[in-house]
**Student:** 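Let me give you the structure first, and then I'll get to my questions.
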Amino acid sequence: MSLEDIAKKMCAKGKGILAADESTGTMDKRLKSVGVESSEANRLNFRETLFSSDAMKNYIGGVILFDETIRQKTSIGISIPELITKNDSVVGIKVDKGAKKIAGSPEETVTEGLDGLRERLAEYYKLGARFTKWRAVYNIGKNYPSVQSIKSNAHALARYAALVQEANMVPIVEPEVLMDGDHDIDACYKATTDVLNECYNELAIHKVSLKGTVLKPNMVISGSTCKNKASSEEIAKKTLDCLKKNVPSDVPGIAFLSGGQTEQEATKNLDEINKINDTNFLITFSYGRALQQSALKTWAKEMSDKKAIHNVFNHRAKMNGLASKGEWSQSLEA
Ligand code: 13P
C-alpha cells in the first residue's frame, strides 16, 4: 500500500482514529481518576477490551499505540498489532518522547525524541506499525506561542516526518494549540494560523510528501475558561476557514484531537465542520479522551462485563463515525 493509500484508509469516510497512546504516566492519571490501579495488566485489559469491540471494524480506521502496548500479547494469544489488523484497522505508534521545557522560555515546551528515531522506527515497522504520531504543544498567552516555540517545534515535526516516510510509514503531524486559558476563539485562530504556517514551511524544506501525511490539529475554539464561548457553528466556520487557508490541499486527511472537549462537544463540533466541509480533505477524529472516557468509567465498574463496555464504546465510536460524514444529530445520543 502506498503512503497515500494508508493515510486515506486511516481517515476513510465514516471512520476515524482511536488515540490509545497515552504514556504510562498519563494512564496512571486516567486509571486513578476511576479508582483502578495502573498496572501493566490493567492497562492491557482496558485496551484489549476496546480493540476487541465491533466498533473497530465499523468506525476505527487506525489506532495509535504506546510503546508498551505494541509489544503486548492479548488474552487470546495474538499480539495487539495482530488484533488491530484483524479488524482491518491500521496500527500506529507514538514515537515522540514528550514535550520538554524550552531553554529561554520555560513556560513553553519543545517536543523531543529525534535521537535514535531512525532505529526505533525500523523496529516499530517490524512490530506492525504503518503510521506514527508526534505531538507538539503550544500555549496561548500574552507572549505565547513565541516564535521560538513555533519554529523549534515545526523543525522537529518536519525532521520526524521525513524520517517516518523514509521508514515507509505515514507520519501524523500533530501541532496542538492547547485550550487552557481564558482566551477567545480569535486568539486560537491566530495562534493556529501561525503554527500551521510554520509547520508546512518546514515540512516543505524537509521534502516531506504531504500526500503521505495526516494532520492532527486542534479545532479553532475558545479557551476552556473563556467567559464568552463560541458556538459550535462559529467553531466549525473558523476551523474550516483556518484549515483552508493554511493547510496545503495535497494533505489527504485531517483528524482532530479532542483536547479536553467533552465527548458530546467533540462529536457535535466535528459534525458541524463536516456539515459545511467544501474541501477535498477527509475530516475526521483522532480522539483520546473523547472516545474513551465513558468506556473507561464503565470498565472501572465491572471489568468482566465486556458487553456493557463494548456497548458504551461502540456508541461513542458510531456517533463520531456519523460526525465524520456530517450525519450526526443530538437525538441519536439518547
Ligand atoms: P485527546 O483527544 O484526549 O486530546 O488526545 C488526543 C491525542 O492523541 C493527543 O496527543
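Only a predicted model underlies this, so the values are computations on that prediction, with no experimental measurement involved. Numbering of ligands and ligand atoms starts at 1, following listing order.
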**Student:** Which bit of Ala266 gets closer than 4.0 Å to ligand 1, counting heavy atoms only: side chain, backbone, both or neither?
**Tutor:**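 Neither; nothing of Ala266 gets under 4.0 Å from ligand 1.
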**Student:** Among all protein heavy atoms, pick the one closest to atom 10 (O) of ligand 1 and tell me residue, atom and distance.
**Tutor:**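 Answer, as residue, atom name and distance: Lys133 NZ, 2.6 Å.
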**Student:** How are the rings of Phe46 and Trp299 set relative to one another: parallel (under 30°), tilted (30 to 60°) or perpendicular (over 60°)?
**Tutor:** tilted
**Student:** Are Ser324 and Tyr59 linked by a side-chain donor-acceptor pair shorter than 3.5 Å?
**Tutor:**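 There is no such pair between these side chains.
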**Student:** Pairing donors with acceptors under 3.5 angstrom, does anything connect the side chains of Lys100 and Thr109?
**Tutor:**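 No - no donor-acceptor pair under 3.5 Å links their side chains.
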**Student:** Looking at ligand 1, does Lys94 have a heavy atom less than 4.0 Å from it?
**Tutor:** no
**Student:** Looking only at protein heavy atoms, which one is nearest to atom 9 (C) of ligand 1, and how far off is it?
**Tutor:**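 Result for atom 9 (C) of ligand 1: Glu174 OE2, 3.2 Å.
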**Student:** Which of the numbered atoms in ligand 1 are below 4.0 angstrom from a heavy atom of Ala19?
**Tutor:**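 Ligand 1 atoms under the 4.0 Å threshold to Ala19: 8 (O).
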**Student:** Could you note down all residue pairs passing salt bridge (Lys or Arg N to Asp or Glu O under 4.0 Å) where residues 236-249 supplies at least one of them, sequence neighbours left out?
**Tutor:**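 Passing the test, one end in residues 236-249: Asp186-Lys238, Glu234-Lys238, Asp241-Lys245, Lys244-Asp278.
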**Student:** Check step by step if salt bridge (Lys or Arg N to Asp or Glu O under 4.0 Å) holds for Glu82 and Lys86.
**Tutor:** CA-CA 6 Å; Glu82 282 168 332; Lys86 200 161 75 81; over 6 Å; no
**Student:** Of all the non-hydrogen atoms in the protein, which one sits nearest to atom 7 (C) of ligand 1, and at what distance?
**Tutor:**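 For atom 7 (C) of ligand 1, the nearest protein heavy atom is Lys216 NZ, 3.2 Å.
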**Student:** Heavy-atom contacts with Tyr287 under 4.0 Å: which atoms of ligand 1 show up? List them by number with element.
**Tutor:**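 So the atoms of ligand 1 that pass are 2 (O).
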**Student:** Does a donor on one side chain sit under 3.5 Å from an acceptor on the other, for Asn197 and Asn246?
**Tutor:** yes
**Student:** Show every side-chain hydrogen bond (donor to acceptor under 3.5 Å, both in side chains) that has at least one partner inside residues 251-264, sequence neighbours left out.
**Tutor:**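 Passing the test, one end in residues 251-264: Gln261-Asn269, Glu263-Ser294, Gln264-Gln330.
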**Student:** If you draw a 6.0 Å radius around NZ in Lys190, do more than 12 non-hydrogen atoms from other residues or ligands fall strictly inside?
**Tutor:**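 Not more than 12 within 6.0 Å, no.
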**Student:** Students should be able to answer this: which protein heavy-atom is nearest to atom 2 (O) of ligand 1, and at what distance?
**Tutor:**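 Of every protein heavy atom, Ser258 OG, 2.5 Å lies nearest to atom 2 (O) of ligand 1.
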**Student:** What atoms of ligand 1 come closer than 4.0 angstrom to any heavy atom of Ser286?
**Tutor:**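 Close to Ser286: 6 (C).
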**Student:** So is Gly259 in contact with ligand 1, going by heavy-atom distances below 4.0 Å?
**Tutor:**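 Under 4.0 Å: yes for Gly259.
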**Student:** How does Arg135 reach ligand 1, by side chain, by backbone, by both or by neither, if only non-hydrogen atoms under 4.0 Å count?
**Tutor:**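 The answer is the side chain of Arg135.
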**Student:** Tell me which protein heavy atom sits closest to atom 5 (O) of ligand 1, plus the residue, atom name and distance to 0.1 Å.
**Tutor:** Gly288 N, 3.6 Å
